[in-house]
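Here's the structure we're looking at; comments come further down.
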Amino acid sequence: MALVAGVDSSTQSTKVVVCDADTGMVVREGRAAHLDSTEADPALWWAAFEEASAGLLDGVGAIGVGGQQHGMVCLDAAGEVVRPALLWNDTRSAPAAAELVTELGGPRAWVEAVGSVPVASFTVTKLRWFARAEPELAARAEAVLLPHDWLTWRLGGRSAYTTDRGDASGTGYFSAATGSYRTDILKLAFGRDLELPRVASPSSVVGETSSGAVISAGTGDNMAAALGLGLRPGDVVVSLGTSGTAFGVSEVASADASGAVAGFADATGRHLPLVCTLNAARVLSTVAGLLGVSLAELDSLALSAAPGADGLTLLPYLDGERTPNLPDARGLLAGLTRANATPANLARAAVEGMLGGLADALDALTAQGMPVNRVLLIGGAAASEAVRAVAPALFGAPVSVPDPAEYVALGAARQAAWALRGGAEPPEWPVAAVEIAGESTPSVRAAYARVRDGAQDLLR
Ligand SMILES: Nc1ncnc2c1ncn2[C@@H]1O[C@H](COP(=O)(O)OP(=O)(O)O)[C@@H](O)[C@H]1O
Ligand SMILES: O=C(CO)[C@@H](O)[C@H](O)COP(=O)(O)O
C-alpha cells in the first residue's frame with residue numbers, strides 16, 4: 001500500500017493525515033493546537049507540524065500542505081521571517097483595503113484585475129499596512145509567501161519555493177483568470193517589488209523531503225477541502241471552522257463587484273467562488289463559555305428551544321465581520337425580553353445567528369450563478385447536533401454531512417497522491433455523506449435579516 005500524507009495548517013490547529021494513495025483511507029492522523037491570535041510566528045506552525053506528524057510519516061511517498069489562506073509571511077534576504085505573519089482574521093489592514101480599492105479605481109477595477117475586491121483578510125492589504133505602519137521592518141522584506149508556501153518551502157528547501165494558483169488567488173495580486181501575478185498591484189500596495197514564489201501546476205512535484213517523500217504544490221485550506229471532498233458542480237461546501245466559508249467549484253470565474261463573493265481559484269485548474277465570514281465555530285464556543293456550559297450542553301440547550309429562540313436574534317459579529325465588510329462591528333443581541341431571556345434561547349440564537357451569516361453566503365453564491373443543489377457541511381462545528389438540526393432549516397437546499405474527517409488535510413493528501421501518480425485528474429477517493437433533514441424556517445432568516453439590515457449604522 002502506497003502512503004501519502006496531507007497537512008492542514010489552519011487558524012486554530014495543525015492536522016496531519018496519512019492515507020492509502022489508492023483509496024484515500026486514513027490510516028494514521030495527528031493534530032497539534034496553535035495559539036489563539038491574529039498574527040503568528042511561522043516557526044510555531046512548523047513546531048505544530050512536527051508535533052502533529054510525529055511518528056506518522058514513516059513510509060510516506062508524498063506529502064502536500066493545505067494552509068490557512070492570505071497570511072502575510074515576509075522574509076528578509078537571508079530567508080528569515082521579518083515579523084510574525086498577519087493572518088486572514090487580522091482586521092488592522094481594513095483602512096488599507098479601502099485605500100487600495102480607491103487607488104486602483106474602485107471595486108469593478110479590482111474584480112477585472114484579480115477577480116476579487118480586497119478586504120482586510122487579503123495579503124495585499126496587509127502589505128500596505130506593513131509598509132506604512134512598520135517601515136523599518138518592511139525595509140528588510142525581500143519576499144512574501146503564504147502560510148502553505150512557507151511550510152512547503154521548509155519541507156523541501158529552495159526548489160520548493162512555490163505556491164499554487166488556488167492559494168495565490170487569495171493574495172489580491174494574482175489573477176485566477178490569467179494565472180499570472182499582478183506585480184503592479186503588489187508594488188502599488190507595498191511601494192516596491194518583492195520576490196514571489198513560483199506558481200506550481202496542480203499535480204506537480206515541487207521538491208523532496210529529507211526522507212525522500214515527494215512534495216506536491218499544496219494549496220489554500222478551502223481549495224484543499226474542495227479537493228478532499230471531490231467537489232462536483234452543484235455541490236456547495238459550508239465549512240464551519242474558525243472561519244465560516246461557503247464555496248463551490250466552477251468552470252468559470254466569478255466577478256462580484258459587491259465584494260461578497262471572492263473569485264478564487266481551486267486546486268485543479270478551475271475556479272472556487274467563495275464567501276467567508278469571520279465568525280463561525282467560535283460563536284458557539286464563546287456563547288458556551290458565557291453560559292458556563294460545554295459544547296454538548298450548548299447543543300442540548302439550543303435543541304430544547306423553539307426555532308426563532310422566542311424572538312431572540314444574535315448578529316454574531318464578535319470579531320468584527322468580513323462579509324458583510326464590517327471590520328469594526330461588534331456582536332448584537334436583539335429582541336431580548338424578560339420572557340425570552342433564557343439559556344436555551346441564547347444557545348439557539350447563537351446557532352441560528354452563526355448559520356444566518358452562512359445562509360446569506362449561500363444566497364450570494366446563488367446570485368453569482370452558482371447552482372446550490374446540495375450543501376456539504378464540514379469543519380469542526382459541523383459535529384454539533386444543533387448545527388445539524390438548524391442548517392437544513394436555514395439553507396434552503398438539501399444538506400449532507402460527509403463522514404467525519406479532516407477534509408483539508410485529506411485534500412492535501414489527495415493532491416500528494418496525484419503528484420505521486422501523475423495523470424490528468426487526481427485519484428478517485430470515495431466520500432460518503434449522510435443527508436440531514438430539517439423543516440424550513442423562513443421566519444428565522446427574516447428576523448436575522450431585519451436585525452442585520454436595521455443595525456448597519458450601529459455596526460460601522
Ligand atoms: N461538536 C462541536 N460543536 C461545536 N463546535 C465544535 C465542535 N467540535 C469542534 N468545534 C469547534 O470547531 C473549531 C475547530 O474547527 P476547525 O475546522 O478545526 O477549525 P480551523 O480549521 O479554523 O482551525 C473550534 O472552534 C471548536 O470549538
Ligand atoms: O480567509 C479564509 C478564506 O478566504 C479562511 O477560510 C482562512 O483560510 C482560514 O480558514 P480556517 O482556519 O477557518 O479553516
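Positions are given from 1 along the sequence. One-based numbering, in listed order, for ligands and for the atoms of each.
Below 3.5 Å of separation, one finds an N or O of H70 facing an N or O of ligand 2. Considering backbone and side-chain atoms alike, G241 places every N or O at 3.5 Å or more from each N or O of ligand 1. Residue S285 has no nitrogen or oxygen atom sitting less than 3.5 Å from a nitrogen or oxygen atom of ligand 1, judged on distance alone. Polar contact with ligand 2: absent for Q68 (N/O pair, distance under 3.5 Å). No N or O atom of S121 sits closer than 3.5 Å to an N or O atom of ligand 2.
Residue-level proximity to ligand 2 for N89 is absent, since no heavy atom of it falls below 4.0 angstrom. In R322, the part holding a heavy atom less than 4.0 Å from any atom of ligand 2 is the side chain. Under 4.0 angstrom from ligand 1, there are no non-hydrogen atoms of E406. Here L295 has side-chain heavy atoms under 4.0 Å from ligand 1, and that is the only part of it that gets that close. Counting heavy atoms closer than 4.0 Å to ligand 2, residue T245 contributes side-chain atoms (C-beta onward) but none from N, CA, C or O. When non-hydrogen atoms are compared, ligand 2 lies under 4.0 Å from the side chain of D221 (C-beta onward) but not from its backbone.
The atoms of ligand 1 that sit less than 4.0 Å from any heavy atom of S10 are 20 (P), 21 (O), 23 (O). For ligand 1, the atoms sitting less than 4.0 Å from at least one non-hydrogen atom of A383 are 1 (N), numbered in the order shown with element in parentheses. Residue T242 approaches ligand 2 through these ligand atoms, each under 4.0 Å from one of its heavy atoms: 13 (O). Within ligand 1, counting atoms from 1 as listed, the ones closer than 4.0 Å to a heavy atom of S13 are 23 (O). Those atoms of ligand 2 with a heavy atom of T11 less than 4.0 angstrom away are 9 (C), 11 (P), 12 (O). Close contacts between ligand 1 and G379 involve ligand atoms 17 (O) [criterion: under 4.0 Å to a heavy atom]. For ligand 1, the atoms closer than 4.0 angstrom to any heavy atom of A281 are 11 (C), 12 (O), 13 (C), 25 (O).
The distance from atom CG of L274 to atom OG of S243, rounded to the nearest 0.5 Å, is 8.0 Å. To the nearest 0.5 angstrom, Y448 atom OH is 10.5 Å from M354 atom CE.
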inquiry  = side-chain contact (heavy atoms from CB on, under 4.5 Å), that's the test. Do V238 and L362 meet it? Break it down for me.
reply    = CA-CA 8 Å; V238 166; L362 291 171; 4.0 Å; yes

message = Pair F264, N222 - check side-chain contact (heavy atoms from CB on, under 4.5 Å), show working.
response = CA-CA 10 Å; F264 294 158; N222 293 293; 6.0 Å; no

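Atom 23 (O) of ligand 1 has as its closest protein heavy atom Q12 N, 3.0 Å. Scanning the protein for heavy atoms near atom 5 (C) of ligand 2, the closest one is S243 OG, 3.4 Å. Closest protein heavy atom to atom 3 (N) of ligand 1: S384 CB, 3.5 Å. Looking at atom 5 (N) of ligand 1, its nearest protein heavy atom turns out to be A381 CA, 3.6 Å. Scanning the protein for heavy atoms near atom 18 (O) of ligand 1, the closest one is K15 NZ, 2.9 Å. Atom 9 (C) of ligand 1 has its closest protein heavy atom at G380 O, 3.5 Å.
Judged purely by atom type and a 3.5 angstrom limit, D363 has no side-chain atom pairing as donor or acceptor with the backbone of D360. Q415 places a side-chain N or O within donor-acceptor distance of the main-chain N or O of G218, the cut-off being under 3.5 Å. S10 places no side-chain N or O within 3.5 Å of a backbone atom of Q12 that could act as its donor or acceptor partner.
Residue contacts with ligand 1 leave out H34, since none of its heavy atoms falls under 4.0 Å from the ligand. The closest approach between Q12 and ligand 2 stays at or above 4.0 Å for every heavy atom of the residue. Judged by the shortest distance from any of its heavy atoms, C276 lies inside the 4.0 Å radius around the atoms of ligand 2.
Within the 4.5 Å cutoff, the side chain of L410 has heavy atoms near those of the W429 side chain. For the pair V114 and F174, the minimum side-chain heavy-atom distance is 4.5 Å or more.
For the residue pair S384/D299, the side-chain donor-acceptor check at 3.5 Å is satisfied. A donor-acceptor pair shorter than 3.5 Å cannot be found between the side chains of H148 and T219. Under 3.5 Å, the side chains of S175 and R182 contain no donor-acceptor pair of N or O atoms. Remark: the S300 side chain and the E297 side chain contain no N/O donor-acceptor pair separated by less than 3.5 Å. Counting only N and O atoms by type, the side chains of W88 and T11 include a donor and acceptor under 3.5 Å apart.
A226 approaches L272 most closely through the heavy-atom pair CB-CD1, 3.9 Å. Shown here for L127 and F190, the closest heavy-atom pair between the two residues is O-CD1, 3.4 Å. Residues G244 and A280 come closest through the heavy atom pair N-CB, 3.4 Å.
At a distance under 4.0 Å, a protein heavy atom can be found next to atom 11 (C) of ligand 1.
Remark: among candidates T286, T242, D299, V387, the nearest residue to atom 22 (O) of ligand 1 is T242, based on non-hydrogen atoms.
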